[in-house]
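Take a look at the structure set out below.
Sequence lines set the chain letters: A, B, ... in the order given, protein chains first and strands last, and positions in each chain run from 1. None of these values were measured; they are calculated from a predicted model.
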Amino acid sequence: VRPRAIEWIFRSDVVVVAATATDAGVPEIARSLGLRGAGPGEPLHAYVLVPEGLTFLNLVAENRRIAVTVGRPRDYRSLQLKGKDATIVTTTPRDEAWVERYRAELGPALEPTGVPPALWGRLLSREFVTVRFTPEGAWDQTPGASAGHRLQDSW
Amino acid sequence: MPLALSSLGRVFDGVFPTTLATCSASGDVNVIFVSQVHYVDEEHVAFSEQFLQRTVANLRENPRAQAWLIEPTSGVQYRLDLAFVRRETEGALVARMRAKLDGIAEAAGMTEVFRLRAALVCRVLAIREVPVATEASRATPEAQRPLDLRSLGGLADALSRAEDLGATCRALLDGLVQLGYEHSILLVTDEAGRSLVTVDSRGFAESGIGSEVDVGHGIFGRCAATRQVVRVSAMSREETYVRASRPPRARHIFVPALAGAESLLAVPLVSRDRLVGVLAVESAARAAFGEVDEAALKLVAHFAASAISLAEREPPPDAADPRSPVRIRYYEEDDSVFVDDTYVVKGLAGRVLLAIVKGYMERGRTEITNRELRLDPAVRLSPINDNLEARLLLLRRRLEERCPRVRVVPVTRGRLRLECSGPVDLEVVRSLT
């Protein structure tokens, strides 16, 4: 059961980044248009922007390893999820709808942090690819004493 | 053509957090947001290590890393392929990074959370612009405003002509306006070097003259304590309003602050290795100050520190004119002075005003010299660095602002005249302790 304490990671006022690595240990970063949780115990969907995430997607297709960090700019809250079963899947109408809502809400949601909404139009590509993964754990990344600690009751 | 680190615009200004990914020897990937990335030289960058245990552990096992940076004025994004070189816990780089981070952390009340532990220095193996396909037109990074050398020369000239500390402050802050910095604050150190006091400002709703900041506390205090430039490009509103100043008290004057300020640049004023004060400029725009501004302010600070030091060594001021009574109340407890129930100053400036008023009340003298003030044991000036000039300027400015019925006017160099628009009624309130 997904703990209620981390429901915030599925909202539109967060910034989501993902990473994987080559077999030689060279990391590759990508950005995601939010993160969708299909339901308790279900895999998560990340929406990796392309063309910027193409190398990342190629690597994930081979090694299936993924780390995703969700950050909430207004209070520095941050959480990292990791999985070893990442798969590129067909984007469904539900995914499309979710991303559309995220895009529409992100700029206004982050405006109070001082980023002009128009700037997001330049930062995020139109196209994305859906990546599904099951987190094997969640780690608190919020600056502070608990940073890096694995959350006990995750997934 | 390969990109150069110095050509990436304002990516190091910290407006957007940077993403940093590392990978352990066993292939465990870690991706985090980091608050600061510093340009070290054309081949190296440094990350601020706060709570990055996993990242540090990964880098020790496998030096390869990747960072994703965003240029804030254009939205252009860059990928940096990196190789970890070393972890520094002291030295110039760490001092520079710490000054900035500590100032912000303290202002936000998060000192422990944002405490810098080390600088993680990485070599840049490759820089790639991230291809983005959007409907928005591609923007180019805003060119930094060139340094206006003519105005800078004018400021230097005006400083060299200033005859006393008041004229020096005016020349400095007016000159900054000419250079395009409309919101500026000048703070000077007190006689003990433990606190900074605002002696002049431009462009704020309240001048804040007389407000104090402890050295080491908040952005200005950290700038003074570390003697490092502090540049902030995206100050949150909370931080703006939790600006470093002593806890509010009944006789508290607030440090001037620009409502909604996003950018701040504070430079220490140092003359012959002595901290003279701090000069700061603010802007409501994000990332308003870049490398050129930092270089310009450092140059101005150099001129200003010398001019202020010189003015402090050269004494200035004279007379009263009785008519309707001017009520001056002095509290022994903290040397604070109220004129017609309006708080004016406290501390050394308060004792100086009392000495001037007493000279008039007890001996009918309207003029007094700096030398007399220095020799007056009741004024309690430090024999090493008395800072009298700065306190006299503060006193004059506070009187001008708050109580125009009482003036302390420089007559000739080192001589002051007390001018009152009525007979003086002095009350000394004794301390209970």
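Inter-residue side-chain proximity for A:V15 and B:F33 is flagged as met; some heavy-atom pair is nearer than 4.5 Å. Contact annotation: the side chain of A:K82 never approaches that of B:V29 to less than 4.5 Å [non-hydrogen atoms, C-beta and beyond]. Side-chain contact between A:V26 and B:Q66: absent, with no pair of heavy atoms (C-beta onward) separated by less than 4.5 Å. Between B:R54 and A:W139, the closest side-chain pair of non-hydrogen atoms is not below 4.5 Å.
Heavy-atom distances place both the backbone and the side chain of B:V132 under 4.5 Å from chain A. Heavy atoms of A:E52 lying under 4.5 Å from chain B belong to its backbone as well as its side chain. Only the backbone of B:A67 comes within contact range of chain A, with heavy atoms under 4.5 Å apart. Only the backbone of A:L124 comes within contact range of chain B, with at least one heavy atom under 4.5 Å from a heavy atom of that chain. Heavy atoms closer than 4.5 Å to chain A are found nowhere in B:N58, neither backbone nor side chain.
Between chain A and the options B:N30, B:I32, B:I70, the largest number of non-hydrogen pairs under 4.5 Å is found for B:N30. Between chain B and the options A:A21, A:S78, A:G25, heavy-atom pairs under 4.5 Å are most frequent for A:G25. Per-residue counts of heavy-atom pairs under 4.5 Å with chain A were compared for B:P131, B:A21, B:P63; the largest is that of B:P131.
More than 12 heavy atoms of other residues, nucleotides or ligands sit less than 6.0 Å from atom CD of A:E105. Counting non-hydrogen atoms of neighbouring residues, nucleotides and ligands closer than 6.0 angstrom, the CZ atom of A:R11 reaches no more than 12 such neighbours. For A:R101, the CZ atom is densely surrounded, since the number of other residues' heavy atoms within 6.0 Å is greater than 12. A 6.0 Å sphere centred on CZ of B:R123 holds no more than 12 heavy atoms belonging to other residues, nucleotides or ligands.
In this structure, A:Q80 contributes its side chain and B:V31 its backbone to a donor-acceptor pair below 3.5 Å.
Closest of all the heavy-atom pairs between A:V17 and B:T19 is CG1-OG1, 3.5 Å.
Taking CG of B:L52 as the reference point, atom CD of A:Q141 lies at 9.0 Å (rounded to 0.5 Å). Note that CD1 of A:I29 is 11.0 Å distant from CD of B:Q77, once rounded to the nearest 0.5 Å.
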